[in-house]
A.B. asks: 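Quick one: the structure is below, questions incoming.
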Amino acid sequence: MPELPEVETIRRDLSPEVEGRQIRATRVHRSDILMNLAGPEAFRQELVGRRIRSLDRRAKYLVFRLDDGRVLQVQLRMTGRFALGRSRPDPGEFGHLAAELDLDDGRTLWYDDMRRLGGFRLLAAPDWERESDRLGPEPLSEGYRPASLAGVLEGRRAPVKNLLLDQELVAGVGNIYASEALHEAGLDPRRAGGELEPAEVERLHGSLRRILREALDHAGTTFRDYRAVNGRSGRFQERLRVYARDGRPCRGCGEEVRRIVQAGRSTYFCPACQT
DNA sequence: CTTGTACCCTGACCGC
DNA sequence: TGCGGTCAGGGTACAA
């Protein structure tokens with residue numbers, strides 16, 4: 001569900017609330033969200049008594065750093081959500097409760113996941129570091145440069161849209177912001193990554209950063225299922241340029257926005273301004 | 001290596 | 001009202 005701006009919004013909502021808190025109890029209702037743990041009892045044994053040192057984000061992962069050095073990694077995938085509070089969230093909003101973590105301030109961290117594609121993984125620090133090293137650079141980081149994007153596009157014949165979704169090339173970009181950034185940069189999503197001119201790569205790099213930053217400033221895009229903590233909606237959906245706007249006029253030139261399928265996923269673009 | 005496809009799962013929506 | 005097909009902010013395993 002969520003891409004970098006959405007996951008980062010959740011991290012900002014949660015981190016001041018959970019940092020320093022101790023996990024007092026856990027309840028797992030749907031075991032398939034335990035991605036590398038045997039079952040609810042194993043989850044409980046590993047986590048009860050642990051304190052949360054910090055909450056970080058890397059790509060689309062939330063990373064709870066624990067006081068024993070290990071890492072609880074959460075992947076929200078399409079429909080994972082969090083709520084935090086003293087009483088169970090409204091079942092209308094949270095109808096697929098998958099896990100609960102009681103904290104030492106009397107509140108509970110509730111994890112809901114309708115499709116159960118997301119989940120929790122408990123990793124030793126070196127294992128997480130190794131995984132993190134495989135991921136591409138954070139596009140909003142200070143040091144992210146056009147040369148980094150140029151380097152991973154070079155020689156690639158796959159469509160640039162597909163390459164933007166590859167987490168090993170650049171971290172945190174998903175289906176919405178890939179289309180949005182390519183539109184802002186005026187680039188046809190079907191072009192081979194390796195065929196972009198240096199000036200075009202530079203434009204794409206700038207657009208990617210601007211779009212992600214703007215989406216983050218608007219607390220993400222609530223198009224369908226995504227909610228920040230406790231049901232809070234994003235506001236970037238009002239500013240979408242092409243995503244899910246097929247058949248409607250391009251905000252730039254008035255031409256009809258088109259939808260195509262690339263690597264099995266929808267891409268939206270304006271055939272007039274993206275070349 | 002690179003690229004495409006099936007799959008995990010539930011629910012909303014559309015045409016018949 | 002029901003039914004089948006399609007689609008959904010993701011990622012992985014496997015085949016070609």
Side-chain angles (χ1 to χ4, degrees), chain A residues 1-11 29-36 57-62 73-82 91-98 111-121 131-132 134-136 139 152-183 190 192-195 208 211-212 214-216 218-228 232-247 259-268:
Chain A
M1 139 228 291
E3 308 182 31
L4 187 157
E6 290 77 27
V7 181
E8 179 62 20
T9 298
I10 293 169
R11 190 199 68 79
H29 308 292
R30 310 301 307 235
S31 286
D32 39 7
I33 60 140
L34 302 179
M35 305 172 87
N36 73 341
R57 179 195 57 77
R58 173 81 170 104
K60 301 169 191 170
Y61 299 111
L62 288 167
Q73 177 204 62
V74 181
Q75 263 181 282
L76 302 166
R77 294 274 181 107
M78 299 293 267
T79 52
R81 292 182 186 183
F82 278 108
E93 282 288 313
F94 259 60
H96 301 268
L97 198 56
Y111 178 70
D112 183 279
D113 194 340
M114 181 177 77
R115 292 171 67 183
R116 301 197 305 280
L117 299 175
F120 293 67
R121 288 206 305 158
E131 271 198 31
S132 179
R134 287 217 331 270
L135 296 166
V152 297
L153 297 180
E154 190 182 351
R156 299 292 298 259
R157 283 184 295 185
V160 59
K161 155 68 164 27
N162 298 6
L163 296 173
L164 288 177
L165 297 182
D166 185 338
Q167 301 301 298
E168 297 189 8
L169 305 187
V170 54
V173 180
N175 212 34
I176 291 182
Y177 302 115
S179 281
E180 293 295 302
L182 285 163
H183 182 268
R190 297 166 294 189
E195 283 171 11
L208 208 45
I211 292 284
L212 292 170
E214 197 186 342
L216 179 54
H218 292 263
T221 303
T222 294
F223 170 68
R224 198 186 179 106
D225 299 309
Y226 164 73
R227 289 279 154 17
R232 187 160 77 93
S233 289
R235 304 183 313 279
F236 192 71
Q237 56 277 11
E238 296 145 30
R239 309 179 88 90
L240 291 174
R241 314 161 67 100
V242 286
Y243 185 82
R245 298 192 71 246
D246 46 320
R259 172 186 176 271
I260 58 173
V261 175
Q262 295 181 288
R265 314 199 56 193
S266 293
T267 302
Y268 302 89

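This structure is a prediction, so every number in the text was calculated from the model and none was measured. Residue numbering restarts at 1 for every chain, and letters A, B, ... go by the order of the sequence lines.
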A.B. asks: Could you work out, with side-chain hydrogen bond (donor to acceptor under 3.5 Å, both in side chains) as the rule, every residue matching Arg30(A), not counting sequence neighbours?
C.D. replies: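 Residues passing side-chain hydrogen bond (donor to acceptor under 3.5 Å, both in side chains) with Arg30(A): none at all.
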A.B. asks: Give me each pair satisfying side-chain hydrogen bond (donor to acceptor under 3.5 Å, both in side chains) with a member in residues 163-172 of chain A, each pair once, sequence neighbours excluded.
C.D. replies: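 For residues 163-172 of chain A: none.
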A.B. asks: What's the NZ-P distance between Lys161(A) and dG4(B), to the nearest Å?
C.D. replies: 12 Å
A.B. asks: Sequence neighbours left out, what passes ring-ring contact (aromatic ring centres under 6.0 Å, His included) with Phe82(A)? Give chain and number order.
C.D. replies: Tyr111(A)
A.B. asks: Using OP1 and OP2 only, check whether a side-chain N or O of Ser266(A) sits under 4.0 Å from dA8(C).
C.D. replies: yes
A.B. asks: Please give, in whole Å, the distance from dC9(B) P to Asp32(A) CG?
C.D. replies: 7 Å
A.B. asks: As a check on the pairing definition, encode DNA chain C in dot-bracket form, counting Watson-Crick and G-U wobble pairs whose two distances are under 3.5 Å, and using | for partners outside this strand.
C.D. replies: .|||||||.|||||||
A.B. asks: Could you give the CG-to-P distance, from Leu62(A) to dG10(C), as a whole number of Å?
C.D. replies: 15 Å
A.B. asks: Roughly how far, to the nearest 0.5 Å, is CG of Asp225(A) from CG of Asp112(A)?
C.D. replies: 10.0 Å
A.B. asks: When all nucleic acid strands are considered with a 4.0 Å heavy-atom cut-off, which category describes Gly264(A): base, sugar-phosphate, or nothing?
C.D. replies: nothing
A.B. asks: How would you list, by chain and number, every residue that makes a salt bridge (charged side-chain N to carboxylate O under 4.0 Å, His left out) with Glu93(A), sequence neighbours excluded?
C.D. replies: Arg81(A)
A.B. asks: Mind checking what makes salt bridge (charged side-chain N to carboxylate O under 4.0 Å, His left out) contact with Arg245(A), not counting sequence neighbours?
C.D. replies: none
A.B. asks: Applying side-chain hydrogen bond (donor to acceptor under 3.5 Å, both in side chains), name anything that partners Ser132(A), two or more places apart in sequence or on another chain.
C.D. replies: Arg58(A)
A.B. asks: Mind checking what makes side-chain hydrogen bond (donor to acceptor under 3.5 Å, both in side chains) contact with Arg156(A), not counting sequence neighbours?
C.D. replies: none
A.B. asks: Does a side-chain N or O of Tyr177(A) approach OP1 or OP2 of dG10(C) to a distance below 4.0 Å, or not?
C.D. replies: no
A.B. asks: What's the gap between dC7(C) and dT5(B) when it is taken at their P atoms, as a whole Å value?
C.D. replies: 14 Å
A.B. asks: Can you list everything that forms a side-chain hydrogen bond (donor to acceptor under 3.5 Å, both in side chains) with Arg11(A)? Sequence neighbours excluded, please.
C.D. replies: Glu8(A)
A.B. asks: Please state how far atom CG in Leu76(A) lies from atom P in dC9(B), giving the value in whole angstrom units.
C.D. replies: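 The distance from CG of Leu76(A) to P of dC9(B) comes to 19 Å, rounded to the nearest Å.
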A.B. asks: Quote, to the nearest angstrom, the P distance that separates dC3(C) from dC9(B).
C.D. replies: 22 Å
A.B. asks: What pairs with His218(A) under side-chain contact (heavy atoms from CB on, under 4.5 Å), at least two apart in sequence or on another chain?
C.D. replies: Glu214(A), Arg235(A), Phe236(A), Arg239(A)
A.B. asks: Is it true that a side-chain atom of Glu3(A) and a backbone atom of Ile176(A) form a donor plus acceptor pair closer than 3.5 Å?
C.D. replies: yes
A.B. asks: Starting at CD1 of Ile260(A) and ending at P of dG4(B), how long is that distance when rounded to a whole Å?
C.D. replies: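 Whole-Å distance recorded here is 12 Å.
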A.B. asks: Indicate for each nucleotide in nucleotides 11-16 of chain C, in 5' to 3' sequence, whether protein heavy atoms under 4.0 Å reach the base (B), only the sugar-phosphate (S), or nothing (-).
C.D. replies: SS----
A.B. asks: What is the distance from CG of Leu163(A) to P of dT3(B), rounded to the nearest Å?
C.D. replies: 7 Å
A.B. asks: Work out how far the P atom of dG11(B) is from that of dG11(C), and round it to whole angstrom.
C.D. replies: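 Roughly 22 Å separates the two P atoms.
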A.B. asks: Write down the protein N/O and nucleotide N/O pairs, taken from nucleotides 10-12 of chain B, whose separation is under 3.5 Å; answer none if there are no such pairs.
C.D. replies:
residue	atom	partner	partner atom	Å
dT10(B)	OP1	Arg116(A)	NH2	3.2
dG11(B)	OP1	His96(A)	NE2	3.3
dG11(B)	N2	Arg224(A)	NH2	3.3

A.B. asks: Nearest whole angstrom, please: distance from the C1' of dA8(C) to the CZ of Arg259(A).
C.D. replies: 10 Å
A.B. asks: What's the OH-P distance between Tyr243(A) and dC7(C), to the nearest Å?
C.D. replies: 12 Å
A.B. asks: Mark yes or no for whether Gln75(A), through its side chain, and Lys60(A), through its backbone, hold a donor-acceptor pair below 3.5 Å.
C.D. replies: no
